[in-house]
Participant: 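Quick one: the structure is below, questions incoming.
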2 protein chains.
Amino acid sequence: MSPLGAPEPTVGRIALYLRCLRACQREGLQTISSYGIEQRTGISSGQVRKDLSYFGEFGKPGRGYDVSALLDRLARIMHLHVPHRVIIVGAGHLGTALAGYAGFAESRFEVAALFDNDPAKIGKQARGLEIMDVASLNEHKERLGARFGIIATPAASAQQVADLMVQAGINAILNFTPVRLRVPEGVVARNVDVAHELEVLSYFASE
Amino acid sequence: MSPLGAPEPTVGRIALYLRCLRACQREGLQTISSYGIEQRTGISSGQVRKDLSYFGEFGKPGRGYDVSALLDRLARIMHLHVPHRVIIVGAGHLGTALAGYAGFAESRFEVAALFDNDPAKIGKQARGLEIMDVASLNEHKERLGARFGIIATPAASAQQVADLMVQAGINAILNFTPVRLRVPEGVVARNVDVAHELEVLSYFASE
DNA sequence: TAGATTGTTAATCGATTAACAATC
DNA sequence: TAGATTGTTAATCGATTAACAATC
C-alpha cells in the first residue's frame with residue numbers, strides 16, 4: 001500500500017533488480033521469473049517477490065515478469081526513469097575521479113559541475129568540466145538544476161559544503177568524508193566511508 | 001563468549017566507537033560513559049553497552065570506561081592495533097585517488113603498492129608510488145606482505161584481479177566495481193558501489 | 001553512603017524465510 | 001489440463017530497545 005513503507009534493505013535490493021533487468025534487456029530476454037532473478041543476483045526468489053510486493057503486483061503466476069515492464073515500473077519507483085544532474089564539491093583526486101566515473105551513466109546520473117574553493121584550481125578544467133568556485137554555487141543553481149550533490153572535500157569542510165548544497169536546492173547528498181552531516185527535513189544524506197569499509201574487513205579477515 | 005558471534009552491525013559500530021575513542025584521547029579525556037559515546041556518535045547508550053558485551057566487560061559501574069584501555073581492547077578486537085599494508089590494483093583516477101587518501105592513516109592502513117596492466121602507466125609514479133605491472137603481483141607478494149587489496153579497475157577485470165590477489169595472499173578485498181566477487185573460503189570481500197548509493201538516495205530523496 | 005553507570009535479561013520490533021492457495 | 005510461478009500469510013530468525021539488579 002504505502003510505497004514509503006518499504007524497508008531500506010528492500011530499496012537497496014530493488015536497485016539491484018533494476019540492474020539485473022537492464023542486463024536481461026540487453027540480452028533480449030522478454031520475461032524473467034523470480035527464480036531467474038535469484039540465479040543472477042543471489043537474492044532468493046522469495047525475497048524478490050516479497051520486495052516487489054511492497055510496491056504492487058508486477059508478475060503473472062506461471063509466467064513470471066515482463067522484463068521491460070518491470071524495468072520501467074521499478075525505475076519509476078526509484079525515480080530513476082529520468083536523468084539526474086549531480087554536482088561534485090571538491091576537485092581533488094577523489095572528486096575528479098568521480099567526475100569522470102562511467103558507472104553513473106547506466107542510472108542516468110550526469111555530473112553537471114565540479115566545484116572547489118582553491119583559487120589555484122578554479123577556472124581550470126578537469127574531466128571536461130570547468131572547476132568553479134564553491135562560493136558561487138548558489139548563483140549557478142537554476143542553470144544546473146541539480147538535486148544530487150557529492151562531497152569530496154576534506155572532512156573539515158563537509159558540513160559547511162552540505163549547508164551550501166542545501167541552500168542551492170540539493171536534496172540528496174553523498175558524503176565521502178567520515179563526518180555525520182546534519183541536514184534539514186526533506187534532505188537525505190548517505191556516507192561512503194572507505195576507511196570504515198577497510199576496518200570492517202579487518203575484523204572479518206582471517207587471522 | 002564467542003567473539004565471532006557478534007552481528008555485523010555490531011562490528012560496524014565498534015569501528016565507530018574506536019574512532020570516537022581516538023577523538024576522546026586526542027582531547028585528553030580519561031574516561032567516558034556509554035552515554036558519552038551516545039552523545040558523540042548518535043548510537044544509544046544501551047546499544048553501545050550491548051555491542052561491547054559481545055566481546056567482554058570493559059567498564060566499571062558508576063565510572064564508565066577508561067578511554068585508553070577501551071581503545072586498546074577494541075583496536076585488538078578489530079585487528080587494528082597493528083599496521084596493515086594495502087595494495088591497489090587499477091591506477092586510473094580512482095585508484096590513484098585512493099592511493100593518496102589521508103583517511104587511511106588513522107586506522108594504520110598503508111598503501112604499499114599500486115598496480116595496473118597498462119604499459120603506458122607501468123613504471124610511472126603516482127602519489128609517490130611506482131605503478132607496477134599487475135602481472136608481477138605474485139613476485140612482489142613476500143616483499144609487500146599485504147593482506148588487503150583494493151580493486152579500482154574496470155568491472156570487466158574485477159574477478160580476474162580478485163583471483164590474482166587471492167593467489168598473492170590477499171585475504172581482504174575492497175571492490176569498487178559493481179561485480180559480485182567469487183572468493184574462496186577464508187577471503188572476505190566487500191563492495192563500495194557509488195552508483196548504487198546514488199540510486200538508493202534517489203528513492204529516499206523527496207519528490 | 002548516594003548517585004552513576006555497568007552488564008544482562010526480557011520484551012519488542014522488524015526483516016527474512018518457508019509454505020501454499022490462487023492463477024496464468 | 002498440468003506445470004510453473006505468483007503474491008501473501010504465517011513462522012522464524014535476528015537485532016534493537018527497555019528495564020533493572022549489581023556494583024563501583
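So that the names make sense, note that chain A is the first sequence line, chain B the second, and so on, each numbered from 1.
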Participant: Hey, could you give me the CD1/CG distance between A:Ile151 and A:Asn191, rounded to the nearest 0.5 Å?
Facilitator: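 Output value for this atom pair is 8.5 Å.
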Participant: Listed in order of residue number, which residues of residues 38-45 of chain A have a non-hydrogen atom at under 4.0 Å from DNA chain D?
Facilitator: none
Participant: Would you give the length of the straight line joining atom CG of B:Leu181 to atom CD of B:Gln160, rounded to the nearest 0.5 angstrom?
Facilitator: 12.5 Å
Participant: For B:Leu52 and D:dT16, give me the distance from atom CG to atom P, rounded to whole Å.
Facilitator: 14 Å
Participant: Indicate yes or no: does B:Arg190 engage B:Glu8 in a salt bridge with an N to O separation below 4.0 Å.
Facilitator: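 Looking at B:Arg190 and B:Glu8, the cut-off is met.
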Participant: Quick one: does any side-chain atom of B:Thr41 pair with a main-chain N or O of B:Ile43 as donor and acceptor, under 3.5 Å?
Facilitator: yes
Participant: For B:Asp72, is there any backbone N or O sitting under 3.5 Å from a side-chain donor or acceptor partner on B:His81?
Facilitator: no
Participant: Would you check if the side chain of A:Asp116 reaches a backbone N or O of A:Ala91 as a donor-acceptor pair within less than 3.5 Å?
Facilitator: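 Indeed, once roles are kept as given, a pair shorter than 3.5 Å links the two residues.
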Participant: Restricting to pairs with a member in residues 84-100 of chain B, which pass side chain to side chain donor-acceptor pair (under 3.5 Å), not counting sequence neighbours?
Facilitator: A:Arg127-B:His93
Participant: Kindly give the atom pairs (protein nitrogen or oxygen, nucleotide nitrogen or oxygen) under 3.5 Å for nucleotides 9-11 of chain D.
Facilitator:
none

Participant: Donor-acceptor pairs under 3.5 Å, side chain of residues 55-71 of chain B to any protein atom, not counting sequence neighbours: which ones?
Facilitator:
residue, atom, partner, partner atom, Å
B:Asp66, OD1, B:Ser68, N, 3.3
B:Asp66, OD1, B:Ala69, N, 2.9
B:Ser68, OG, B:Gln25, NE2, 3.2

Participant: Nearest 0.5 Å, what's the CD1-CG distance between A:Ile14 and A:Leu52?
Facilitator: 5.0 Å
Participant: Aromatic rings B:Tyr203 and A:His79: how do their planes relate, parallel, tilted or perpendicular, breaks at 30° and 60°?
Facilitator: parallel
Participant: Any sub-3.5 Å donor-acceptor pair from B:Asn175's side-chain atoms to B:Ala158's backbone N or O?
Facilitator: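 It does not hold such a pair.
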Participant: Is B:Lys121 salt-bridged to B:Asp133, going by a charged N under 4.0 Å from an acidic O?
Facilitator: no
Participant: I'd like to check the salt bridge (Lys or Arg N to Asp or Glu O under 4.0 Å) partners of B:Arg73; sequence neighbours left out, ordered by chain and number.
Facilitator: none
Participant: Which parts of residues 28-36 of chain B get close to DNA chain C, meaning a heavy atom less than 4.0 angstrom away?
Facilitator: B:Ser33, B:Ser34
Participant: Mind listing the N/O atom pairs, protein and nucleotides 12-15 of chain C, below 3.5 Å?
Facilitator:
none

Participant: If you look only at pairs with a residue in residues 22-38 of chain A, which of them pass as a salt bridge (charged side-chain N to carboxylate O under 4.0 Å, His left out), with sequence neighbours excluded?
Facilitator: A:Arg22-A:Glu106, A:Arg26-A:Glu106, A:Glu27-A:Arg40
Participant: Provide, to the nearest angstrom, the distance between the CG atom belonging to B:Asp51 and the C1' atom belonging to C:dT6.
Facilitator: 15 Å
Participant: Could you state the CG-C1' distance from A:Leu70 to D:dT5, rounded to the nearest angstrom?
Facilitator: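 My rounded result for the distance is 14 Å.
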Participant: In the 5'-to-3' direction, what one-character label does each nucleotide of nucleotides 19-24 of chain C receive under the scheme B = base within less than 4.0 Å of a protein heavy atom, S = sugar-phosphate only, - = no such atom?
Facilitator: B---BB
Participant: Could I get the full list of salt bridge (Lys or Arg N to Asp or Glu O under 4.0 Å) partners for B:Asp163, not counting sequence neighbours?
Facilitator: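 Result, salt bridge (Lys or Arg N to Asp or Glu O under 4.0 Å) vs B:Asp163: none returned.
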Participant: For B:Arg182, what residues pass the salt bridge (Lys or Arg N to Asp or Glu O under 4.0 Å) criterion, not counting sequence neighbours?
Facilitator: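 Salt bridge (Lys or Arg N to Asp or Glu O under 4.0 Å) check on B:Arg182 returns nothing, list empty.
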Participant: Atom CD of residue position B:Gln39 - does it have more than 12 heavy atoms of other residues, nucleotides or ligands inside 6.0 Å?
Facilitator: yes
Participant: Would you mind reading off the distance between B:Phe58 atom CZ and C:dT5 atom C1', rounded to a whole angstrom?
Facilitator: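 In whole Å, C:dT5 C1' and B:Phe58 CZ are 16 Å from each other.
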Participant: Which ranges of DNA chain C pair up as stems, where a stem means three or more consecutive Watson-Crick or G-U pairs with both distances under 3.5 Å?
Facilitator: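 Stem list for DNA chain C: C:3-24 with D:3-24.
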Participant: When rounded to the nearest 0.5 angstrom, what distance separates CG in B:Leu164 from OG in B:Ser136?
Facilitator: 10.0 Å
